Amino acid sequence: MRLAGAILTLVIGAPVLLGAALTLATGFGWQPGLGRVDLGWEGFTEALAAPGILTSLRLTLVTGLGAAMLSLVASIPLARWLVTRQSASRWLTPLLAVPHAALAIGLAFLIAPSGWAARLISPWATGWDLPPQIVTLGDPWGLSLILGLMLKEVPFLTLMTLVAAAQRPVAEQMAAGRALGYAPGRVWARIVWPQLYPALRLPVLIVLAFSLSVVDMALILGPSNPPTLAVRILRLYGAPDPAQAVPASALAVILLAVMGASAALWMVGERAVARLGKALIRKGHRGVSRRNWSGAGLIGAGGALAIGSLGALVLWSLASFWRFPDALPADLTLKRWASADWAGPALTSLTLALVSTALALILAMLWLESEDRSGKRLPLGALIVLPLLLPQIGFLQGLTTGFLWLGLPPGPVAVTWAELLFVFPYVMIALAGPWRALDRAHLASAASLGAGPTRRLLRIKLPMLLGPICAAAAIGVAVSVAQYLAVLLPGAGRVQALATEAVALASGADRRLAAILALMQAALPWVGFALALAVPAWWHRNRRGLRGGVA
Amino acid sequence: MRNLLAAPVLAASLALPLAAPAFADWAQTEAEAKGQTVYFNAWGGDPRTNAFIDWVSDQMQEKYGVTVEQVKLSDTAEAVSRVQAEKAAGKNDGGAVDLIWINGPNFLAMKEAGLLHGPFVSDLPNAKYLDLSEGSAATTDFTVPTEGYESPWRLAKFAFAYDAERVSDPPKDMAGLLDWAKAHPGRFTHPNPSNFMGASFLKQALVELAPDPAALSQPVTDEAYAKETAPLWAWYDALRPLMWREGKSFPENESVQAQLLADGEVDFAMFFDPAAPAAMIEQGVLPPSVRVWVPEGGTIGNISYVAIPYNAAHQAGAELVANFLLDPATQAHMQDIRVLGSFSVLDPAKLDADAKAAFADLPTAPALPTLNDLGPTLPEPHPSWMTKLTEDWAQRYTK
């Protein structure tokens with residue numbers, strides 16, 4: 001028990017704290033390697049004096065809070081629509097599995113003024129022989145970025161709502177609400193959903209932290225002059241002058257404060273909404289019964305954007321030359337697939353994913369099994385959420401320096417460790433529920449037959465949990481393949497994974513290459529989820545009750 | 001008599017310390033390099049350059065048993081800051097970066113911080129094909145003397161590209177560009193000046209519009225800056241509202257702008273490699289109707305270099321790669337439009353007949369300008385001008 005706690009703290013907690021501490025110290029001017037050890041506020045003054053910094057701050061707040069709020073709002077009717085449609089909710093998984101960068105590249109191909117959407121309706125419907133001079137991609141308000149974030153976050157929050165709803169008598173409550181005269185949409189929004197919200201608070205805060213600090217999507221979809229704070233920080237870290245690490249770290253600290261303030265604001269907002277909701281309920285208006293069009297409409301709109309984005313990726317990866325306003329490329333060819341170097345990065349991403357996921361699974365099982373054996377919960381809850389609630393750019397650069405100090409050179413090992421910080425929490429969250437819910441009677445029977453704890457683990461628990469373990473592994477692979485900063489910074493550019501290559505190529509000239517890399521980045525998690533469905537089904541082919549897989 | 005005797009003695013005494021140890025060293029360098037993996041940090045946004053570096057890797061493996069691994073950067077500064085971070089962490093050997101494709105401000109930053117290995121260029125056997133006389137193009141990087149701390153590998157020269165199907169009347173100079181933009185609002189843009197290419201566009205305009213271009217070769221002063229840039233900003237303030245997205249937003253780099261040209265969102269792209277448009281037509285990225293245009297007075301130009309960090313783990317292998325890049329056969333292969341199309345950095349006067357023939361056999365393309373078409377090469381301003389220019393631009397237009 002103690003050993004497990006120590007290992008987890010050392011492997012997951014320590015790097016995050018070390019990275020954050022080094023970022024904080026650098027922000028205050030501590031650069032011992034350059035002979036600077038006088039602490040001061042200059043980094044902050046310099047960072048805040050940069051041109052357009054207030055615009056960057058506003059952009060960060062608008063896109064971060066906006067994406068989190070709109071995603072949550074959109075997930076409410078969507079979850080209601082899906083809560084009675086088990087099979088439909090399975091369609092969320094493929095969308096959840098698409099990495100942010102890949103989706104962003106596809107969305108950019110779709111919505112640019114010269115993008116696929118405009119090509120489909122030009123010139124016959126619009127008269128555009130040249131792309132219209134309208135601002136879509138990289139708009140100064142960050143709307144494309146919000147849209148991109150929502151495409152990823154709405155499915156996530158919806159799924160979290162469905163998970164929370166599965167533990168409650170939703171059907172009975174809906175029936176009771178309707179018997180009291182409420183319109184079905186209102187029963188859900190005013191009676192059922194508020195009860196589910198406590199389970200959604202953490203996912204929402206994770207979404208909020210992610211939206212405020214996202215880099216890869218912001219690079220592809222966000223405005224560039226000035227960009228969001230997170231992109232600014234990355235640019236400063238990449239500046240040739242090492243002194244720029246000071247304002248960069250100061251900005252990272254500011255971003256952390258922005259995150260804290262936004263979370264606090266969110267909590268205050270929660271209360272205000274709760275009060276408002278209560279007042280509305282007390283008024284007693286039941287509302288008129290209408291069809292639940294908003295859920296279906298959202299599915300339609302979101303699905304069209306997602307399919308359009310992925311479709312644009314497929315077409316571009318096969319295009320020979322594709323001139324505006326042609327709706328389709330002149331020729332489709334596999335030439336690019338044959339000549340492009342996508343296999344190397346794909347293999348790198350796959351290896352990183354397998355290693356970090358395997359480590360995460362081992363750590364998660366170590367945690368859960370030592371809880372079982374001691375009969376107590378490990379008091380390490382913060383370990384799970386800390387890496388997800390801090391802005392990545394706020395500690396990954398510090399961590400890279402920290403790794404160097406500890407003699408760990410930039411490269412695959414450092415990247416695997418950095419990825420583990422994000423893979424482990426999701427694997428743990430996915431595995432903890434099914435593990436703790438395992439029917440203890442089977443274990444008691446095994447114990448009474450003389451099986452020791454290790455044998456019980458290997459012969460009873462793990463086989464019974466094969467489905468959830470495969471599902472957690474698939475999630476781990478998806479999280480790993482999506483990591484961008486965790487490859488870029490600790491990898492020193494030496495580790496060329498799909499995420500870093502795709503983002504780099506997204507700002508290159510050859511769209512077809514970017515499309516190929518993005519498609520591969522989306523394909524790996526899909527294969528993972530498909531296997532997570534197939535493996536337990538095949539393994540337990542003669543055990544009907546155990547055939548499981550991805551929920 | 002004394003003179004007759006003295007000359008060879010003098011020659012020998014000069015040659016010995018210079019040539020003999022270098023040659024002995026070179027054999028040692030080759031031996032040391034065998035089996036090394038050289039991490040070549042180079043901007044990775046251009047697939048053709050990446051493919052060329054792959055070819056270099058194959059050749060190096062075959063000829064010298066050296067593996068070349070390209071570290072694809074999205075900005076060269078990433079590699080510079082990596083070396084700086086290593087120095088900050090006290091890692092003075094076994095560094096992650098072995099060779100960097102570098103230029104201008106990044107080179108200056110590394111040189112000033114003592115982050116470079118060298119001087120090494122005169123040790124390279126193939127340096128004999130270069131014009132290394134003082135002040136020559138191959139020894140100056142943005143007015144900064146390279147002093148042997150970086151080795152040339154490809155020629156860069158500013159050039160515009162336009163789609164001849166859409167633009168029949170390309171302007172003649174920067175003033176003409178403003179007139180053109182008035183007639184075609186929203187069809188011109190340039191990369192963000194925080195990017196090298198965007199800064200180069202501003203510099204090209206500065207060199208053309210400055211009252212006294214000679215002042216630009218000196219380190220910038222506040223006074224000179226105010227005087228020389230006044231016409232530039234007047235011109236730019238008139239141009240900006242006529243640009244793509246009213247000059248409020250800019251493509252990130254030249255590649256993104258090339259995409260905009262291909263998509264028909266704008267009518268011009270710009271490159272620091274006059275062969276790039278022809279190469280991109282070949283690749284199917286740009287339409288075949290794209291042509292190169294340069295302002296009449298000529299354009300700024302410079303040479304791309306490779307440098308070796310002071311703490312590089314594989315310095316011998318890196319020197320071997322730098323030498324291989326200067327091989328006439330390598331340079332001719334590089335200048336082939338089907339490969340890279342970059343103009344060679346070698347001094348044609350120093351090439352022997354075989355080397356000359358390799359260059360003479362290279363194919364041509366409609367979008368490929370001859371050196372003659374490109375007009376005179378204007379000297380780059382001192383790097384301090386670029387720094388101040390881009391900072392000033394950010395202050396003025398980033399709100």
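Reckoned from all heavy atoms, side chains included, excluding hydrogens, waters and symmetry mates. Residue numbers start from 1 in every chain, and the chains themselves are labelled A, B, ... in the order their sequence lines are given, proteins ahead of strands. This structure is a prediction, so every number in the text was calculated from the model and none was measured.
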Check your understanding: chain B heavy atoms under 4.5 Å from Leu489(A): which part of the residue, side chain, backbone, both or neither?
Key -> backbone
**Study point:** Glu501(A), part contacting chain B, at a heavy-atom distance under 4.5 Å
**Key:** side chain
Practice item. Taking all heavy atoms of Thr136(A) and all of Arg245(B), pick out the closest pair and write down the distance. Key: N-NH2, 3.7 Å
Point to revise | Interchain contact, Leu54(A) with chain B, by part (heavy-atom threshold 4.5 Å) | key: neither
Point to revise | Test item: Glu252(B) side-chain N/O and Gly508(A) main-chain N/O as donor-acceptor pair under 3.5 Å | key: no
Check your understanding: Which atoms of Gln31(A) come close to chain B, meaning under 4.5 Å heavy atom to heavy atom: side chain ones, backbone ones, both, or neither?
Key -> neither
**Study point:** Sidechain-backbone polar pair: Gln133(A) side chain, Pro185(B) backbone, donor-acceptor under 3.5 Å
**Key:** yes
Exercise for review: Give the minimum heavy-atom separation between Ser224(A) and Phe250(B), together with the two atoms involved.
Suggested key: OG-O, 3.3 Å
Review point. Measuring heavy-atom distances to chain A, does Leu108(B) have an atom under 4.5 Å in its side chain, in its backbone, in both, or in neither?
Key: neither
Review point. When only pairs under 4.5 Å are counted, which of Ser114(A), Ala504(A), Gly52(A) shares the most heavy-atom pairs with chain B?
Key: Ser114(A)
**Study point:** Ion pair Arg166(B)/Asp129(A), N-O distance below 4.0 Å
**Key:** no
Check your understanding: Can you name the nearest heavy-atom pair linking Asn253(B) to Ser507(A), along with the distance?
Key -> ND2-O, 2.9 Å
Check your understanding: Do other residues, nucleotides or ligands put more than 12 heavy atoms under 6.0 Å from Arg338(B) CZ?
Key -> no
Exercise for review: Salt-bridge test for Asp139(A) and Lys248(B): reply yes if a basic N is under 4.0 Å from a carboxylate O, no otherwise.
Suggested key: no
Check your understanding: Any donor and acceptor pair, going by atom type alone, linking the side chain of Thr55(A) with main-chain N or O of Lys399(B) inside 3.5 Å?
Key -> yes
Check your understanding: Any side-chain heavy-atom pair from Gln244(A) and Gln84(B) closer than 4.5 angstrom?
Key -> no
Exercise for review: Report yes if some heavy atom in the side chain of Gln259(B) is under 4.5 Å from a heavy atom in the side chain of Asp510(A); otherwise report no.
Suggested key: no
Review point. Is it the side chain or the backbone of Thr400(A) that comes within 4.5 Å of chain B heavy atoms, both, or neither?
Key: side chain
Check your understanding: Of all of Pro226(A), Gly411(A), Ser339(A), Ala514(A), which one pairs up most often with chain B through heavy atoms under 4.5 Å apart?
Key -> Pro226(A)
Exercise for review: Any chance you could lay out the side-chain hydrogen bond (donor to acceptor under 3.5 Å, both in side chains) test for Asn225(A) and Ser249(B), step after step, and finish with the verdict?
Suggested key: CA-CA 6 Å; Asn225(A) 191 46; Ser249(B) 171; over 6 Å; no
